[in-house]
Amino acid sequence: MVVVMFFVITVALFPFGVGPESNILARIAAGVVWVCAMLATLLSLDRMFLNDYEDGSLEQLALCPLPLEIIVLAKAGAHWLVTGLPLILAAPILAMLLNMPAGGYLTLFSVMILGTPTLSLIGAIGASLTLGARRAGVLVSILVLPLYIPILIFAVGAIDAAAMSLPTRPHILFLAAILAAALPLAPWASASAIRQALN
Amino acid sequence: MHRFANPNQFLRIANPLLPWISALSVLCMAAGLYLGLFQAPPDYQQGESVRIMYVHVPSAWMALFVYASMAIASATALIWRHPLGFLMAKASAPIGACFTVICLATGSLWGKPMWGTWWEWDARMTSVLILLFLYVGYMALIDAFDDPTRGQRAASILALVGAVNVPIIKFSVDWWNTLHQPASVVKLSGPAIHPSMLWPLLIMAVGFTAFYFALMIVRLRSEIAAAKIRNIRLGQVHS
């Protein structure tokens, strides 16, 4: 819930920052919601593996007969359930506060559903690479945010296209393709990072 | 190939090569700059500012080339556990980051008179900027651990993850029709620029590549020396 509160507060900063003119807010609503959702996801990444790494249960998980990739996938899924899903539910309300055009809501909802699992999956790579690093929190953001940029581009592109009643299908297909690629590859990279962190 | 993974074996070959590579780099860069700045004709549209291309394009190629070699070195180091691969990737990262910065800086100097803007958020510029962030992330991660081998392994995995970006940069100008002009040298139908401009460009590219290899060998030598010193120190602590 703290993550959702962070999301709400950062979005609420923007009307103060750029002024309350509703047409400016409507123009930037999609981008603001997405950037804040990414920062909120980033904030919760350190809890994905760090506690298990410190109390040794990650080693036990790595030793169990299940492949480590599947365990990472489950961890990323759990992370999405506790951060991604609340963000999806909060996003339309925040978009309404920012006066987003009415045509964009359905697209916002669908790109959040397609995009946030990818955020958790790519975040798992960053979280596992920085296990045991100094100042891991800052480091994760440097590693993960550049990899988030394509998702941001296509998600906001889809919402803007919907608001101008242009076809959104290409953007949504790109997001789906990124998710389909991240689903097998991210757990694989993350599991190999965990293995080298443990030995 | 596995024979050269031994650092001493590698140095036995690299040390005699270094003066030749350095000389090649200096000669090519001097010749390329002379031809590019004084001999090549000015462009009929762009005028004299086309000459920025002779630095901009080779540095853009090198930014990608260095990242690709870093990713290959990381992959070999992770798969066959060659420590030299980790050191090579580590030695290459700052060089590649510098080439990326040169590419972005010269591109924006050229963009001001030509496009009327220092920076435009088009596909190629954005993806090269992401490349710079990947270099920075690699260098930050490699230094973030108390145990250097741990940092090298983590950073190598990151280099492989970031390699996804390399084909995106190469083909961004073909996939998205934005402000940056499409490829004109490396394409199937042959180069689309006149030989009087192509030759200085290719000579500069050879010079930049030789410069990278020379600098990489020097940095790699110091990395190997640092690793040896660390091992001696560890040996003293344990004995």
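Letters A, B, ... mirror the listed sequences (proteins, then strands); counts begin at 1.
Listed options B:D146, B:D147, B:L160 were ranked by heavy-atom pairs under 4.5 angstrom with chain A; first place goes to B:D146. Interface remark: of the candidates B:G137, B:A140, B:A154, B:A154 forms the most heavy-atom pairs closer than 4.5 Å to chain A.
Around atom CG of A:L106, no more than 12 heavy atoms belonging to other residues, nucleotides or ligands sit under 6.0 Å away. Heavy atoms from other residues, nucleotides or ligands lying under 6.0 Å from CZ of B:R81 number 12 at most. Within 6.0 Å of atom CZ in A:R27, 12 or fewer heavy atoms from other residues, nucleotides or ligands are found, so the atom counts as exposed in its surroundings. When the shell of 6.0 Å around CZ of A:F109 is examined, it contains 12 or fewer heavy atoms from other residues, nucleotides or ligands.
To the nearest 0.5 Å, the span separating OH on B:Y138 from CG on A:L143 amounts to 12.5 Å. Once rounded to the nearest 0.5 Å, the distance linking CD of A:Q196 with CD1 of B:I157 reads 4.5 Å. Once rounded to the nearest 0.5 Å, the distance linking CD1 of B:I130 with CG of A:L147 reads 8.5 Å. Atoms CG and CZ, from A:L139 and B:F145 in turn, are 7.0 Å apart once rounded to the nearest 0.5 Å. To the nearest 0.5 Å, the span separating OG1 on B:T126 from CD1 on A:I153 amounts to 6.0 Å.
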Next on the checklist: A:I149 vs B:L129, test: side-chain contact (heavy atoms from CB on, under 4.5 Å). Steps then yes/no.
Outcome noted: CA-CA 11 Å; A:I149 292 175; B:L129 192 64; over 6 Å; no
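Contacts of A:V8 classified as side chain to side chain contact (heavy atoms under 4.5 Å, CB included), with partners at least two apart in sequence or in another chain: A:V4, A:L94.
A:R134 has no carboxylate O lying under 4.0 Å from a charged side-chain N of B:D143, or vice versa, which leaves the two without a salt bridge.
At a heavy-atom separation below 4.5 angstrom, chain B is approached by A:I125, A:L129, A:T130, A:L131, A:G132 within residues 124-132 of chain A.
In this structure, chain B has no heavy atom under 4.5 Å from any part of A:A181.
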